[in-house]
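First comes the structure, then the notes that go with it.
Each residue takes its place number in the sequence, starting with 1.
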Amino acid sequence: MSSNRHRSIERPRISTHHIPQSQQPISAYGTRNSKDFRFETAEMIDNTNYTLHHATELLRLNVGGVHYTTLYETVARVHSSFFGHYLKIDSRSGKVVRFNAHIIDDGSGAIFLNRDGKLFAYVLQYMRDGRQAVLPRDESLLRQIQREAQYYCLEGLRQLVADTLQDFHNDTHSNETLDNIYAQVKQISHSLAFTTFNNRS
């Protein structure tokens, strides 16, 4: 009796060999296959509505009807809580996790963003080039780009726009000062010429 009481009960082993990998259960370590992907956070372990992408895969964006194509890495690596809600790089595997539950698909597989498509060109240029991005010398347009930077939580771009606006104001002030000096010199020159003419008369 005692030997039966202490005898371990063998549980039937459930094979997952025939189950597609994407449907196999996730282990406590957050991986379906140790050779495939290891999750970095608990949020990613619990989230089943995701897809994995290599950093150099093409990412398509539809911004207000204007279409852009870039690399997953370009958007995923930028410091932005906005884009981090959609894409995240897993530090262990190096792959980009795309959280499809957070994304609006435009029907063609592109991520839809309900923003100004033309202004996004400057946003994407910043994500590619950082502070080397070339911004327009137009105050109204710069302020629109600054608003987009705030919306996308791109502090680096917001600061770059602020610096460009300051430079623009400094240049404008310098030009106005030079124009004023030129006008004053011209007025003095005319006054001297008039005085000289009267003295000769």
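Taken from CG in Asp116 to OH in Tyr151, the straight-line distance is 12.5 Å, to the nearest 0.5 Å. Atoms CD and CG, from Gln150 and Leu157 in turn, are 10.0 Å apart once rounded to the nearest 0.5 Å. Note that CG of Leu142 is 10.5 Å distant from CG of Asp167, once rounded to the nearest 0.5 Å. Here Arg115 contributes atom CZ and Leu61 contributes atom CG; the two are 14.5 Å apart, rounded to the nearest 0.5 Å. Put simply, CG on Leu59 and CG on Leu87 are 6.0 Å apart, with the number rounded to the nearest 0.5 Å. To the nearest 0.5 Å, atoms CZ (Arg147) and CZ (Arg158) are separated by 12.5 Å.
At a cut-off of 3.5 Å, with distance as the only test, a side-chain donor of Asn100 or Arg98 sits close to an acceptor on the other residue.
In this structure the side chain of Ser93 never reaches within 4.5 angstrom of the side chain of Leu52, judged on heavy atoms. Contact annotation: the side chain of Val75 never approaches that of Tyr86 to less than 4.5 Å [non-hydrogen atoms, C-beta and beyond]. Contact of the Thr164 side chain with the Arg137 side chain is registered, since non-hydrogen atoms from C-beta on lie closer than 4.5 Å. The closest side-chain heavy-atom distance from Leu141 to Leu119 is below 4.5 Å. Counting only heavy atoms from C-beta outward, the side chains of Gln166 and Asp163 never approach each other to under 4.5 Å.
Residues Thr56 and Leu71 come closest through the heavy atom pair O-CD2, 3.4 Å. Of all the heavy atoms in Ala133 and Leu160, the pair that sits closest is O-CD2, 4.2 Å. Residues Arg143 and Leu165 approach most closely at NH1-CD1, 3.9 Å, considering heavy atoms. Minimum interatomic distance between Tyr126 and Arg131 (heavy atoms only, all atoms of both residues): CE1-N, 4.3 Å. In this structure, Asp105 and Ser108 approach most closely via the heavy-atom pair OD1-N, 3.5 Å. Residues Leu154 and His79 come closest through the heavy atom pair CD2-O, 4.0 Å.
Using bins of under 30°, 30° to 60° and over 60° for the plane-to-plane angle, the ring pair Phe120/Tyr152 lands in the perpendicular bin.
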Exercise. Yes or no on side-chain contact (heavy atoms from CB on, under 4.5 Å) for Phe83 and Thr74, after CA distance, side-chain angles and deciding distance?
Worked result: CA-CA 11 Å; Phe83 289 107; Thr74 301; over 6 Å; no
For this session: Quick one: do Met127 and Thr70 satisfy side-chain contact (heavy atoms from CB on, under 4.5 Å)? Show the steps, please.
Result: CA-CA 10 Å; Met127 288 194 284; Thr70 187; over 6 Å; no
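Cluster partners of Phe112, using a side-chain heavy-atom cutoff of under 4.5 Å among ILVMFWY residues and allowing indirect links, are Ile104.
In terms of the side chain to side chain donor-acceptor pair (under 3.5 Å) criterion, Asp138 has no residue partners (sequence neighbours excluded).
Under a 3.5 Å cut-off, the side chain of Gln125 and the backbone N or O of Val134 do form a donor-acceptor pair. A distance-only check finds a donor-acceptor pair linking the side chain of Tyr68 to the backbone of Gly117 [under 3.5 Å]. Using a distance-only test at 3.5 Å, with no hydrogens or angles considered, a donor-acceptor pair links the side chain of Glu57 to the main chain of His54.
With a 6.0 Å radius and a threshold of 12 heavy atoms from other residues, nucleotides or ligands, Asn114 has its CG atom at or below the threshold.
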